[in-house]
Amino acid sequence: MALAFCGDEDNSTAYNVDHGVLNNGCFVDALNVVPHVFLLFITFPILFIGWGSQSSKVHIHHSTWLHFPGHNLRWILTFILLFVLVCEIAEGIVSDGVSESRHLHLYMPAGMAFLAAITSVVYYHNIETSNFPKLLIALLFYWTLAFITKTIKFVKFCDNGVGFSQLRFCLTGLLVVLYGMLLAVEINVIRVRRYVFFKTPKEVKPPEDLQDLGVRFLQPFVNLLSKGTYWWMNTFIKTAHKKPIDLKTIGKLPIAMRALTNYIRLNEAFEAQKVCKAWNCVHLIRSRSIWRALCCAFGRPLLLSSTFRILADLLGFAGPLCISGIVYNTKILGVFFISSQEFLSNAYVLAVLLFFALLLQRTFLQASYYVAIETGINLRGAIQTKIYNKIMQLSTSNMSMGEMTAGQICNLVAIDANQLMWFFFLCPNLWAMPVQIIVGILLLYYLLGISALIGAAVIIVLAPVQYFVATKLSQAQRSTLEYSNERLKKTNEMLRGIKLLKLYAWEHIFHSSVEETRQKEMTSLKSFALYTSISIFMNAAIPIAAVLITFVVHAHLTRNADFSPSVAFASLSLFHILVSPLFLLSSVVRSTVKALVSVQKLSEFLSSEEIGEEHDKSSELRSADNHSKYQAVVSNAKSALNLIFCFLFLSILAQITNGFFTWTPEGPPALSNIDIRIPQGQLTMIVGQVGCGKSSLLLAILGEMQKISGSIFWSRKRGSVAYASQKPWLLNATVEENITFESPFNKQRYKAVIDACSLQPDIDILPHGDQTQIGERGINLSGGQRQRISVARALYQQTNVVFLDDPFSALDIHLSDHLMQEGILKMLREDKRTIVLVTHKLQYLPHADWIIAMKDGTIQREGTLKDIQKSETELFEHWKTLMNRQDQELEKTIIETKTVLERTNLRRTMYSREALLKDDEEDEEEVTESDDEDNLSSVLHQRAKMPWRACGKYLSAAGILLLPLLVLSQLLKHTVMVAIDYCLARWTSDAISGKIEIELKNCSHFFSILCCLGIVLCLVTSIAVEWTGLKVTKKLHSSLLNKIILAPMRFFETTPLGSILNRFSADCNTIDQHIPATLECLSRSTLLCVSALAVISYVTPMFLIALVPLAIMCYFIQKYFRVASRDLQQLDDSTQLPLLSHFSETVEGLTTIRAFRYEAKFRQKLLEYTDSNNIASLFLTAANRWLEVRMEYIGACVVLIAAVTSITSCLYNKLSSGLVGLGLTYALMVSNYLNWMVRNLADMEIQLGAVKRINGLLKTEAENYEGLLSASQIPQNWPDRGEIQIQNLSVRYDSNLKPVLKHVNAHISPGQKIGICGRTGSGKSSFSLAFFRMVDTFEGRIIIDGIDIAKLPLQTLRSRLSIILQDPILFSGTIRFNLDPEKKCTDSMLWEALEIAQLKHVVKALPGGLDAIVTEGGENFSQGQRQLFCLARAFVRKTSIFIMDEATASIDMATENILQKVVMTAFADRTVVTIAHRVHTILNADLVIVMKRGVILEYDKPEVLLEQEDSVFASFVQADK
């Protein structure tokens, strides 16, 4: 076949120029090539050689500075130009026909124009980003030439009578307009910026964001192509594959997306609402006005998102319509001029148009998602900042009176702000879904007539059922959550009291208690699984049912029905499109309802009382009438004179006159008739009984209480007040940061403060010294340590005023004295700072310069101590007796040990944390031993690998029967699905080929049977997946619980409690609720993808050749995406925690923050946390869009290749049109399945981490509970005498640790009372644990009543001994359960035990008696009472051996005396081993053992040891006096 520009037919009319050169069509087409050749010739050297001198470049970090006017318009016009040129090429090829010669002039100029258009946009992009505007002259000439040549062609068409009926005329007209517009854009750039022809161009500065190296989120700054395809993310995702993503990698947010910017925008919208309703109550912020403000601030991007969504949905209908056209029109035309109708009846043209429609539809859809999510994230940041600012102004009464709890406020931030974010994300669906449904039904009606409405009715009728199922699903989820919380509470209690459970052999009781709650949770999970499977089933079955009913009705009941493949497969695609919005409807409705509730909560919160509002009210009331106004002036004048006198002559810092204060506006005054003054530069003490209003007075001075009347005056404007509240408030930061509290670090001052608060010994114990992170609410510190850090913060500040609210409450006498002398008197008073101290320690009153005595919310007396001594003799005497009554020695003995105990406990908890850190470090060291490069590559390889082993573990837990059922049902279901569509293809092909009626009926029957089978299999697979999930979750939780409860005590000492609890909470929740759904989705999308590709390959085997490169691309895209997605997901979760923690910290420390005047600093911190969370969320969104766009484009390529190969096969190999329709229908669905497959693969990878972590714990070795002796060999009442023989005993905590007891020998006779003493770490507690085999006995043995305890089963041994531990442990439940969880004792036995423990009267007074409720940890009883309950519990067991492990260390003298009395009387016939912290408790013992470093130092009667001069025991007794 010959090729020639004008064709080479024998007649030379093509080259005839008799009527003028411009009247020859071929010459005009040749002329049209000139501009494109010019541009390519001019620009290629510049693009390839480089830009020459770089001097005019502006130095910015990112090469994305897009600053030419009309930038976006240029890109849009270029995209339209490219599309029109493709149409022109296609029109040229089609109109060239099937003649011998090819007329290149019909499509070659358009091809050159296409190349030139691409070159122009690349060239322009480089000019703009390199800021080299002089080179725009080439584009100016190009657009001018292109416009002129195309106009000439258009004019000649008009002259020769070619009109709108010819497609070529329309395309030429469009190109004239486009080239003209691009020329106008170019001229505008040169004119506005004064480029090219002007001497001095206009200077423009790049945006601040692009000058900032830290801004790496470039979506707002890149060109439209990069915006639409997320091309700028390529570098980021490649980097993520090389090294893990952290906050440093993702950088800062662009200014327009920062929380502060969005908060200002939202606040302006709120203010505008207030101005509009100025005459209404300003404080009451209604829900409607919040909605208006949100729409005003964030409505515009939402409108853009909705527009994109509607366009995408409308373009989605191009698929079914093109399928219909392709299947119907598999023929080729051949004429020179063709109409648009003839053009669109070409199957190849439709295939190309479908490809472009898909590209555009997917781009619009992803753009809609991105804009909606970005708007939602911006809105969340603005709302969180709005809530935080409101918290800062919140009236203290709202918090203290329970109107607003910290939990409610945190819920506003964590739940309600997120609900609104998700609503904004789903919002475009509210507009798009109705459009999609209406257009879908209209098209179905156009194709199928009345039968389409029946099918659509099936889908619409079942939509409410879907909503009902979704509602039931959320109810089931809620009840599951309730049971889950109850189970976690029990698990938490079990883990906290694990030592006691093991010592008392009660593991099985608590195990069964947790299992019982788990059973309830499993029942709830079953209903959750049932509704989930119904939901999955309906999603899959409704389209099949709708198609079945529609096609059967259409084929059998409609006369002369067109049942061709084009109609059938177009309808099938339309049904698939129609089902999606109806399924999404339930989610959108639920999200809308939740958003309405959230806004209601938000409006209530924003309307709540603010601090300082009452001042305005009082001033309004005061100006009610002239009389009161006059009185106010007089009284103000008097008080002003008094004030001037006080401040000038008496040096007063603050004064309250005639003050009445309340917590609630309606409530009675908490403080009445307050008239006080605080002297400047002096120490003022506020004293009084508990509950008389001392703390309230401090808060009233700080302006935190609501003032009813009176006035508060400060000598100058109140600045920062260093305030230490009664309940210590700490930040989740290091010890140093808590003390310095945003102030500059001064080493000398810091050291002095640490010394004054006696914090150095505590800091020395901490694993990282003062750089140790304090847990939330100071969870890893004792009460005294928290109190001292709080006071240290107040001492460290350089403020003139210091308020200390009962700083000595949790401190012993020594620490109190030291703090008073070194801290308050030396550091503060000597600096002439004003100190206000609330205290109960009356012995410090002589130090006070000014005393305020309070009683029942009023001031009893104020003045110096001498004044009070003279005027209030009775009060002074009362104080004197109280001072004298404090027995200093007693307090010294009791509380000194308390401080030592605190530090011991701290050392233990920190040791376990440190051990865990060391384990992690060791793991890391093992990895880093290898060569660095090898190590890095292996780590990266691990990150890129799927956790297949965890997946195998999960599936194997399903069992041998369920797993094959799951796999087979899935395979069978998808085989049937393919068979249904194949049957439809055969049926419709037979219908148009005019097969006999009986064969068609057989086809329809077979189709119906397959559809019904498909529906049944949908149900089977959905149930199989959920059933598998239930079985796995039940098995894993049961195995985990069994392993943990039987683990040795060492495991609990070295593994943080939170880590174990996380396995039971977050990880179990993931396995319970998330993995089954993800597994179902993953298997479905994978099998659908495979079946779709298999069908296309079957229809056109040529497709397999193109499949290979597409598969390779898919593999690499998912590989890179999964790594980045996992890192970003973890980053998103980890940045949320500090944000929520900051909110709860602020709510708890509100008074402290406001006293310090640190609101601005804390707001800044909030903005940083919010921005960190938002940038992680935005990058995660961009990464998801990056993946989806690429998968969608690959899907579009699959459709194009499938369409072209199908058409070719149909034309040349006589492939049936039914199979063409089948192939194209499947090809259309591939992109969705590809997306879901990769997304679910990434989710599955993250979720399988939970299985991996639980499997890690399942490897824990259990204690050896089996014994050498059987139950029959152990006497029923063993041990009946209580004789203990210890022979050469050596024990250690673990096989790799040093011994804690070394070669200990002792003999304890039946009924003896033994006392064991020694310094901390001498091995006393290890001695007691050895009796219970809680430690590793590697040498020697213990024989009790003739039996070696090593031969006994652990359960038997521990159940026959009793122990009282140092820390009293009570469990939530009843008193009966706490005393006798095994339910072995009668009521009379329990009452007897309570009587012995001196608790009978206490329990009798409680409602329910023995069945009275004990709260978690026994918080409703005092420390002493809890210890006595533990004594009663030990007595109930009636064992002959009884061990007390430092049981009196943390209780008062009175309780201790009771304990000693009981031991001597009630336990007279039992062997009692007392491990003593205070030596005087064992002076009455029969024998005393003194220990040092795991060895017995002294072993004799106490009186004998006391007589020896060099006795260690004697020195202990002497020190304890």
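Fair warning: this is a prediction, and the values are worked out from it, not measured in the lab.
- With sequence neighbours left out, Phe141 forms a ring-ring contact (aromatic ring centres under 6.0 Å, His included) with no residue at all.
- Between Tyr1226 and the options Val1198, Leu1093, Val1095, a side-chain contact (heavy atoms from CB on, under 4.5 Å) holds for only Val1095.
- For the pair Thr1100 (side chain) and Ser1206 (backbone), a donor-acceptor distance under 3.5 Å is absent.
- Closest approach of Cys1114 and Ile1194 over heavy atoms only: SG-CD1, 3.8 Å.
- Checked against side chain to side chain contact (heavy atoms under 4.5 Å, CB included), Tyr1233 has the following partners two or more places apart in sequence or in another chain: Leu1088, Cys1089, Met1229.
- Formation of a donor-acceptor pair under 3.5 Å by the Gln1118 side chain with backbone atoms of Tyr1115 is found in this model.
- Under a cut-off of 6.0 angstrom, the local environment of OH in Tyr1098 is sparse, with at most 12 non-hydrogen atoms contributed by other residues, nucleotides or ligands.
- For the ring-ring contact (aromatic ring centres under 6.0 Å, His included) test, residues two or more places apart in sequence or in another chain that qualify with Phe364 are Phe308.
- With hydrogens and angles ignored, the 3.5 Å screen pairs a side-chain donor or acceptor of Gln219 with a backbone N or O of Lys227.
- Ring-plane geometry between Phe1121 and Trp1186 is classed as parallel, the angle between the planes falling under 30 degrees on a 0 to 90 degree scale with a further cut at 60.
- By the 4.5 Å heavy-atom criterion applied to side chains, Arg74 and Thr78 are counted as neighbours.
- Phe147 meets the ring-ring contact (aromatic ring centres under 6.0 Å, His included) test with no other residue; sequence neighbours excluded.
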**Request:** Give the C-alpha distance, both sets of side-chain angles, the deciding distance and a yes or no for side chain to side chain contact (heavy atoms under 4.5 Å, CB included) between Tyr179 and Ile148.
**Result:** CA-CA 9 Å; Tyr179 283 130; Ile148 292 166; over 6 Å; no
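- For Trp1236, the CH2 atom sits in a loose shell: 12 or fewer heavy atoms of surrounding residues, nucleotides or ligands are nearer than 6.0 Å.
- Ring pair His71/Tyr124 is tilted by interplanar angle, where 30° to 60° counts as tilted.
- Between Tyr142 and Phe38, the ring center distance fails the sub-6.0 Å criterion.
- Residues satisfying the side chain to side chain contact (heavy atoms under 4.5 Å, CB included) test with Ala318, not counting sequence neighbours, are Ala357.
- Although no hydrogens or angles enter the test, the distance criterion places a donor-acceptor pair under 3.5 Å between the side chain of Arg1190 and the main chain of Thr229.
- Under the ring-ring contact (aromatic ring centres under 6.0 Å, His included) criterion, Tyr1120 pairs with His241, not counting sequence neighbours.
- For Thr149 (side chain) and Leu145 (main-chain N/O), a donor-acceptor pair under 3.5 Å exists by modelled atom type.
- Here the side chain of Lys150 pairs no donor or acceptor atom with the backbone of Leu175 at under 3.5 angstrom.
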